[in-house]
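Within every chain, numbering begins at 1; the chains are lettered A, B, ... in the order of the sequence lines, protein sequences first and strands thereafter. Model, not experiment: these values are computed from the prediction.
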Number of protein chains: 2
Amino acid sequence: MAERPTTIYDVARAAGVAPSTVSRAFSRPGRVNAETAERIREVAAELGYRANPQARALSTRTTSMIAVLLADIANPVFAELVRGAEEAAAEAGYAMVLADTRESAGREREVLDKILPAVDGVVLASPRMSDTAVRQVAKVKPTVVLNREVGGLPSVVVDNPRGMRRAAEHLAGLGHGHVTYLAGPEAAWPDGVRWRALRDARHDLGLTVRRVGPVPPTVNGGIRAAAAWAAHPTSAVVAYNDMIAIGFMRGVLAMGKRVPEDVSVIGFDNTQSAEIVSPSLTTVASPQRELGARAVRHVLAFVGGARSTSTEPVVLPSKLVLRASTGPGPEHA
Amino acid sequence: MAERPTTIYDVARAAGVAPSTVSRAFSRPGRVNAETAERIREVAAELGYRANPQARALSTRTTSMIAVLLADIANPVFAELVRGAEEAAAEAGYAMVLADTRESAGREREVLDKILPAVDGVVLASPRMSDTAVRQVAKVKPTVVLNREVGGLPSVVVDNPRGMRRAAEHLAGLGHGHVTYLAGPEAAWPDGVRWRALRDARHDLGLTVRRVGPVPPTVNGGIRAAAAWAAHPTSAVVAYNDMIAIGFMRGVLAMGKRVPEDVSVIGFDNTQSAEIVSPSLTTVASPQRELGARAVRHVLAFVGGARSTSTEPVVLPSKLVLRASTGPGPEHA
DNA sequence: CAACACGCGGCAACCGATTGCCATTCGACC
DNA sequence: GGTCGAATGGCAATCGGTTGCCGCGTGTTG
């Protein structure tokens, strides 16, 4: 432990050349005589030399690392997203580091202070901090925002309005006239978008809509939402995400009601849990893996110097996955 | 984007002092005249100065960051672990960065090359690389291994043998005489430990045990395990983890068999899914949050210079959580 | 009044790489 | 034989901080 790693200086001394030559042997193929380079490489291998990316970053200002900030690692919806991001980064020869910010704007700031100088770009997935703070970050390093739009900044989002619209149409088609939205955290940008999309659909589809919450985006949050909903029950609910939807089902089951006979439930995200819970959950799916990959590629394009890249948000489609948690409503023909 | 951040040199010029004084104003309270320090701090705030931890690391060799390497982010068992690690790190004023290595020893190496110089210590959670490679890492930076024991290196593990023993006792008590173990990845250290613990229990408890697999530690892996198990069915199975157990249940359900009437199922990890699946899953729980926190504190102790810290593994208890997936077996009294 | 300690700021070296520029060597060409 | 240019290696500055050491000015003490 704490054994000093070998540097180009160690290698240079051992190989009888100048440090600059060692440096070039690795980063400037052809700039150094082939034999000399070969000898240097041998000595380096023998000594177990590994370049220190941080030291390199001092002068080159690039580290081959990008950071992805996540609001909540425990939220399973991020699992696939991270995979996509990691793969896209690896493909481009970058390492991806992740930071969990525990749904807190303060933690986001703290982590960024430490990590920002160490990376070439940042993906902010569902950031909780203010637009101003996000722009601040974007001034320092190439930044792409995920699941949120911040004016003027590149972002990758899911087509939430269309997803919600499909959910509403599905419920209306089943004969549900009243729908409750179980709201997630107010700091979560998609929450507002989804709620507005539901409200916008109400005229066309002849629905009345209500809203309970906000509750935390967890199973327990869903249980609390169930209690709130019970004060003015409706025959259908759409939850901010799958976790809330699952908690809600658990809550209403505990009240002796049944899903979907007494109440139809739709979630968002199509997490693995949506499939294994029973009744299995109808939910609005989004291509998370693709989302992560696109965000990373987008950042890397900026890192590569793209200046003119459009700042129009990249919008990825969502689709409704039908399962067993939705059924006919009171006005079913 | 790409706007050069302010440095101590900028601050020094603006405040009319030497860069070294700026540096000391921040890192050596008392070393600089209070008024001067105050003025420097004001100027710094005005210019939006933020210290570059990487540059600092060059001379101090500490970055206030630690890395946690995970075999698979998508595995929900890691969610709580990460939480515990993150909290313990934050408590000590450290930032935690995470890297997903996609169950690949190669990725572990690549990521470590990039990230190691940027952090003060490393937690290797369920590493897939060889003992030799792990020791190599430990020579460079303080390292703690999680869910695995590598001779001579500090580690934090769960008491798997006891957990498996409890599971076996539970099944034996219910009148199951034959138990199949659904094996996880061979590279996963706990897999061997759990299997051996089950075999060791067989004499005492009068069981016969079999083993199918290995299969990937996922729901799909479990479905495959179900097919393999069906060739020689037993009235009880213990899976390497919850995901496999859940996939297994899905698989046998699809064959028209019922859980627990036809086969009792026990998982490992007590992930959230174990609770919401139906039938709910009996599983061996471990204190993941504590596991993560302990590992981080352990690393930080080494970072702080502890040399004599014992390298005896820290062993955390596990316990059996009874749910609906286990029931009486054929020899039930 | 001399000797000394202490407070406080600056100088310069250093951490580990990269890179612009210069010096040397050597072969080629006129 | 002289000139020129390509190939190759070294010197030294630089990136953004940290820190050992020096020096100056002031206050304290004998």
### Task
Would you kindly give the CG-to-C1' distance between A:Leu58 and D:dC15, to the nearest whole Å?
5 Å

### Task
State whether B:Thr36 places a side-chain N or O below 4.0 Å from either non-bridging phosphate oxygen (OP1 or OP2) of C:dG9.
yes

### Message
Please determine whether a side-chain nitrogen or oxygen atom of A:Arg56 lies at a distance below 4.0 Å from atom OP1 or OP2 of C:dT18.
### Response
yes

### Task
Evaluate the side-chain proximity of B:Arg61 to B:Ser59: yes if any heavy-atom separation is below 4.5 Å, no if none is.
no

#### Entry: Toward the 5' end of DNA chain C, by each residue's nearest nucleotide, B:Tyr9 or A:Arg28
B:Tyr9

### Message
Donor-acceptor check, side chain of A:Asn52 to backbone of B:Pro117, threshold 3.5 angstrom: yes or no?
### Response
no

#### Entry: Pairing residues for A:Tyr9 by the ring pair (Phe, Tyr, Trp, His ring centres under 6.0 Å) criterion, not counting sequence neighbours
none

## Note on the structure
Rounded to whole Å, the CD1-P distance (A:Ile40 to C:dT18) equals 12 Å

### Message
What verdict does the side-chain hydrogen bond (donor to acceptor under 3.5 Å, both in side chains) test give for B:Thr62 and B:Asp120, after you've listed the backbone C-alpha separation in whole Å, the side-chain angles of each residue and the deciding distance to 0.1 Å?
### Response
CA-CA 6 Å; B:Thr62 76; B:Asp120 294 346; 4.5 Å; no

### Query
What distance separates B:Leu81 CG from B:Leu70 CG, expressed to the nearest 0.5 Å?
6.5 Å

### Query
When we call it a touch if two heavy atoms are under 4.0 Å apart, what does B:Ala57 touch: a base, just sugar-phosphate, or nothing?
nothing

### Query
With respect to the side chain of B:Arg31, which nucleotide from D:dC21, D:dC15, D:dT8 is positioned closest?
D:dC21

#### Entry: Interatomic distance where CD1 belongs to A:Ile8 and P belongs to C:dG16 [whole Å]
9 Å

### Query
Rounded to the Å, how far apart are A:Asn33 CG and C:dT25 C1'?
13 Å

### Query
Has B:Arg61 got a side-chain N or O lying under 4.0 Å from the OP1 or OP2 atom of C:dG16?
yes

### Task
Report yes or no: does B:Thr60 contribute a side-chain atom to a donor-acceptor pair with the main-chain N or O of B:Arg56 at less than 3.5 Å?
yes

### Task
For DNA chain D, determine which residues of residues 15-27 of chain B have any heavy atom closer than 4.0 angstrom to one of its atoms, and list them numerically.
B:Ser20, B:Ser23, B:Arg24

### Message
OP1 or OP2 of C:dA17 versus the side-chain N and O atoms of A:Asn52: is any pair under 4.0 Å?
### Response
no

#### Entry: Distance, rounded to the nearest Å, where B:Asp113 contributes CG and C:dG16 contributes C1'
16 Å

### Query
A:Gln54 has an atom CD; how far is it from atom P of C:dT18, in whole Å?
13 Å

### Task
For A:Arg13 and C:dG16, give me the distance from atom CZ to atom P, rounded to whole Å.
11 Å

### Query
Does a side-chain heavy-atom distance below 4.5 Å link B:Arg148 with B:Pro127?
yes

